[in-house]
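Reading through the structure tokens given below for one structure.
Fair warning: this is a prediction, and the values are worked out from it, not measured in the lab. Note on naming: letters A, B, ... go to the chains in the order of the sequence lines (proteins, then strands), and numbering restarts at 1 for each one.
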Protein chains: 2
Amino acid sequence: MVMTMPTDEELAALGEVFDLFTRRYKLAEALGPEKPLNELDKQVLSYVARYPGCGPTDSARFLNVANTTISSATDRLVKRGLIERRRPEADRRAVALYLTAEGQDKVDRLLAMYGELHRRMLDPLSVAERRQLIGMMQKIIYHDP
Amino acid sequence: MVMTMPTDEELAALGEVFDLFTRRYKLAEALGPEKPLNELDKQVLSYVARYPGCGPTDSARFLNVANTTISSATDRLVKRGLIERRRPEADRRAVALYLTAEGQDKVDRLLAMYGELHRRMLDPLSVAERRQLIGMMQKIIYHDP
DNA sequence: GAAGATACACCGAACTTCGTACTATTCAAG
DNA sequence: CTTGAATAGTACGAAGTTCGGTGTATCTTC
């Protein structure tokens, strides 16, 4: 009998890496000099960075939270000057969200920080392994059902 | 010049996988019939599962939150009947945390759910790739500085 | 042009986190 | 011993977060 399925212990390794990185992300942010953003707020910020002009409802669906919750998050981000609300002429009920210059800056810094963490995560791997790992990650992402 | 370092785009793949799984975890829990636990509460629960008899302060250090926050989380978990506090004779200031039978059950169900998610995550990979990926994850974990 | 659908925002209740202050116990000298 | 400092944890209250119900403005459709 050929061993085709991963054992539970092997699968657990994925969970551990995931946990490890959850804690590291959090720690890295706590260490930074700036007052750290809310978890949700960060996610909204990245969503807007990826989809400029999106509406609050889009990000609510994507992040799986109530619309009113996104409304609050948007308020906070606007108050901090990271994003702005615009009224599109096409549909004046809607709101279109955009990063401000400061918001773009914040996103850049966040991405740099994550990049650094990921780089360190890859430290114990050889160059060939790194390339393999990245390749598998891309397969996993693009397979997204 | 040999390409030894991953590019930013390659590194971003790690972040995307991470995000993808954050959302999936959340979604999977929201779908379950049971009232989902708080993020922190789940982490405390797993910590106690891994280190039975640990004190609240241990998990506070590990999870990087204030002691009082762990105290609240512990209250909630005790109230739901998932863990119990005991006074060790050795040091009667201390509290030792243990899973109840129901708590163990909850942990088992959570792990089963995560295992299933991880299994699906590995779907698009070949058997050889899976084994490689797991091996790299283990390297990353054991390298933990 | 009226009825219904859609996109949001406001409000208030319930919950979470955490700093301050407090209790109980142990440790360390003297 | 016993007294003073250190340690483990909890009670309480302030500030912040999430979300359901409700309200307003704007399309859409017939």
Item to check | Nearest-Å distance for atom pair CD/P, residues A/E39 and D/dG16 | outcome: 19 Å
Checklist outcome for this item: 5' to 3', nucleotides 4-15 of chain D under a 4.0 Å protein heavy-atom cut-off (B base, S sugar-phosphate only, - none) gives ---BSSBB----
Item to check | Opening and closing nucleotides of DNA chain C in contact with chain B, under 4.0 Å to non-hydrogen atoms | outcome: C/dT16 to C/dT26
Next on the checklist: Could you tell me how far apart A/K35 (NZ) and D/dG16 (C1') are, to the nearest whole angstrom?
Outcome noted: 11 Å
Item to check | Whole-Å gap separating C1' (D/dT17) and CG (A/D41) | outcome: 9 Å
Checklist outcome for this item: What one should report as the nearest heavy-atom pair of A/L133 and B/M137 is CD1-CE, 4.5 Å
Throw together a table of side-chain donor-acceptor distances under 3.5 angstrom for residues 44-57 of chain A, partners on residues two or more places apart or in other chains.
residue, atom, partner, partner atom, Å
A/S46, OG, A/K42, O, 2.8

Next on the checklist: For the backbone of A/L117 and the side chain of A/R24, can you confirm whether one donor and one acceptor N or O come within less than 3.5 Å of each other?
Outcome noted: no
Checklist outcome for this item: The bend of the helix from C/dG1-D/dC30 to C/dG30-D/dC1, taken between the axes of its five terminal pairs at each end and rounded to 10°, is 20°
Item to check | side chain to side chain donor-acceptor pair (under 3.5 Å): pairs with one or both residues in residues 65-75 of chain B, sequence neighbours excluded | outcome: B/D75-B/R85
Checklist entry - Looking only at heavy atoms, which two atoms of B/N64 and A/K26 are closest? And how far apart? => result O-NZ, 3.8 Å
Checklist entry - Are B/E102 and B/R80 close enough for a salt bridge, meaning some N to O gap below 4.0 Å? => result no
Checklist entry - So, A/E129 and A/R131, do they make that salt bridge, N to O below 4.0 Å? => result no
Item to check | Most 5' of A/A90 and A/R76 on DNA chain D, judged by nearest nucleotide | outcome: A/R76
Checklist outcome for this item: A/N38 atom CG is separated from D/dC19 atom P, nearest whole Å, by 11 Å
Item to check | Contacts of type side chain to side chain contact (heavy atoms under 4.5 Å, CB included), residue B/E89, not counting sequence neighbours | outcome: B/R92
Next on the checklist: Can you confirm whether or not the ring centre of A/Y25 sits under 6.0 Å from the ring centre of B/F18?
Outcome noted: yes
Checklist entry - What integer distance in Å separates B/L40:CG from D/dT18:P? => result 15 Å
Next on the checklist: If you define the side chain from C-beta out and look only at heavy atoms, does anything of A/D123 sit under 4.5 Å from A/R120?
Outcome noted: yes
Item to check | Contact summary for A/L11 and B/H118, nearest pair of heavy atoms | outcome: O-ND1, 3.4 Å
